[in-house]
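Presented below is the structure to which this report refers.
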Amino acid sequence: MPLSADFFNRPTLQVARDLIGRDLVREHPSGETLVGRIVETEGYTQNDPAFHGWNLYDEDTGEVRREGRAADLFGPPGTAYVYLIYGAHWLLNVVTEPDGTGGAVLVRAVEPLRGRDAMRKRRPAAKKDIDLTNGPGKLTEAFGIDGEAHRTDLTAPPIYFTDGEPVAGDRVSTSSRIGLTKGVEREWRWFVDGNRFVSKATPSAHKQ
DNA sequence: ACGAGGATGCTCT
DNA sequence: GAGCATCCTCGTG
């Protein structure tokens, strides 16, 4: 059963934590199905300088200017916000919070569970298995997810999440987010301790 | 093992 | 025109 819109219609940081251990599923028209267990996420909220829709939200009045691409971050929970970074890599986010409130969770790394051969074909640069999906741009390439998925519903095929295997709190750590210049003081990155498929960059981490 | 540097295109100013 | 929620390659040790 795909995770429902209710799962994503919650505070962003809670969703970011709860997505750890869930499975990302991608069904291709050819019939192949790819599955990856989520081992690393980041949360972005509307009053967060690192949030793409940050300048659309007025903290004083609570008003939202829903203009441009970032306005989709204020859309219905459970939809996709797919973003092209450095003109090269697509990053997959799930929109959180009620419609009208901004928020999203970035899927940063997954552990391949099913369809490794298909992932290898899409990721010729990957020398080892861990290079297939240990980064936000790598996993979208491995899964064949790009701008076409933007704004689509992630609570039903062809791209969705399932329950997976819950991860106990003592195996999850937090840290500051990666690659940012703003909002670096917020510890809004979650990852499975010691998992080989977590991305390489490792800021100082804390037990959850 | 690790660090530096370049590629690349979209969005907003 | 600047900045960017990244990845890859090629140095050096």
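We name chains A, B, ... by the order of the sequence lines, and we start the count at 1 in each one.
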Could [X] and [Y] be called an ion pair, given the rule that one side-chain N must be under 4.0 Å from one carboxylate O?
X	Y	answer
A:Asp129	A:Arg120	yes
A:Arg177	A:Glu42	no
A:Glu40	A:Arg189	yes
A:Arg122	A:Glu32	yes
A:Asp48	A:Lys182	no
A:Asp193	A:Arg171	no

Practice item. Let me have DNA chain B in dot-bracket notation, would you? Count Watson-Crick plus G-U wobble pairs, both distances under 3.5 Å, and use [ ] for pairs crossing earlier ones and | for inter-strand partners. Key: |||||||.||||.
Check your understanding: For A:Tyr44 and C:dA5, are the ring centres under 5.5 Å apart with planes inclined under 30°?
Key ->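 Ring-base stacking flag set for A:Tyr44 and C:dA5.
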Exercise for review: Go through residues 45-52 of chain A and report each residue with a non-hydrogen atom lying under 4.0 Å from DNA chain C, sorted by number.
Suggested key: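 Within this stretch, A:Ala50, A:His52 sit under 4.0 Å of the strand.
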Polar-atom pairs under 3.5 Å, protein N or O versus N or O of nucleotides 6-9 of chain C: list them with distances, or write none.
residue : atom : partner  : partner atom : Å
C:dT6   : OP1  : A:Arg108 : NH1          : 3.1
C:dT6   : O2   : A:His89  : NE2          : 3.1
C:dC7   : OP1  : A:Pro136 : N            : 3.3
C:dC7   : OP1  : A:Gly137 : N            : 2.8
C:dC7   : OP1  : A:Lys138 : N            : 3.0
C:dC7   : O4'  : A:His89  : NE2          : 3.0
C:dC8   : OP1  : A:Arg123 : NH1          : 2.7
C:dC8   : OP1  : A:Arg123 : NH2          : 3.0

Check your understanding: Regarding A:Glu97 and A:Thr12, is there a side-chain donor-to-acceptor distance under 3.5 Å anywhere?
Key ->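 Note: A:Glu97 and A:Thr12 side chains meet the donor-acceptor criterion.
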Exercise for review: Scan side-chain atoms only and decide if A:Glu63 and A:Tyr57 contain a donor-acceptor pair under the 3.5 Å cut-off.
Suggested key: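 Judged by distance alone, the side chains do not pair up.
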Practice item. Give one of base, sugar-phosphate or nothing for A:Asn93, where a contact means two heavy atoms less than 4.0 Å apart. Key: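 If one applies the 4.0 Å heavy-atom cut-off, A:Asn93 turns out to touch a base.
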**Study point:** Considering all heavy atoms, the nearest A:Val15-A:Phe8 contact
**Key:**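 Heavy atoms only, the tightest pair is CG1-CD2, 3.9 Å.
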**Study point:** Nearest non-hydrogen partners of A:Val82 and A:Ala149, listed with the distance
**Key:**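 Smallest interatomic distance, heavy atoms only, reads CG2-C, 4.0 Å.
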**Study point:** Value in whole Å for how far the P atom of C:dC4 lies from CZ of A:Arg69
**Key:**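 To the nearest whole Å, that distance equals 18 Å.
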Check your understanding: Who passes side chain to side chain donor-acceptor pair (under 3.5 Å) against A:Asp58, sequence neighbours left out?
Key ->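 So A:Asp58 forms no side chain to side chain donor-acceptor pair (under 3.5 Å) with any residue.
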**Study point:** First-last contacting nucleotides on DNA chain B - partner chain A, under 4.0 angstrom, heavy atom
**Key:**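 Span of nucleotides near chain A: B:dT8 to B:dT13.
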Check your understanding: Is A:Ile159 reachable from A:Val35 through a run of hydrophobic residues whose side-chain heavy atoms are each under 4.5 Å from the next?
Key ->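 No.
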Point to revise | Cationic tip of A:Arg10 above A:Phe7 ring, under 6.0 Å, 45° of axis | key: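 That pair qualifies as a cation-pi contact.
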Grab the N/O contacts between the protein and nucleotides 11-13 of chain C below 3.5 Å, and write none if there aren't any.
none

**Study point:** Side-chain touch A:Pro76/A:Val95, heavy atoms, less than 4.5 angstrom
**Key:**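 No; the side chains remain at least 4.5 Å from each other.
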Review point. So, is A:Thr181 near the phosphate of C:dC4, with a side-chain N or O under 4.0 Å from OP1 or OP2?
Key: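 So the side chain of A:Thr181 is within the cut-off, an N or O lying under 4.0 Å from OP1 or OP2 of C:dC4.
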Exercise for review: Apply the test ring pair (Phe, Tyr, Trp, His ring centres under 6.0 Å) to residues A:Tyr44 and A:His52: give CA-CA distance (whole Å), side-chain angles for both, the deciding distance (0.1 Å), then the verdict.
Suggested key: CA-CA 9 Å; A:Tyr44 293 85; A:His52 286 170; 7.3 Å; no
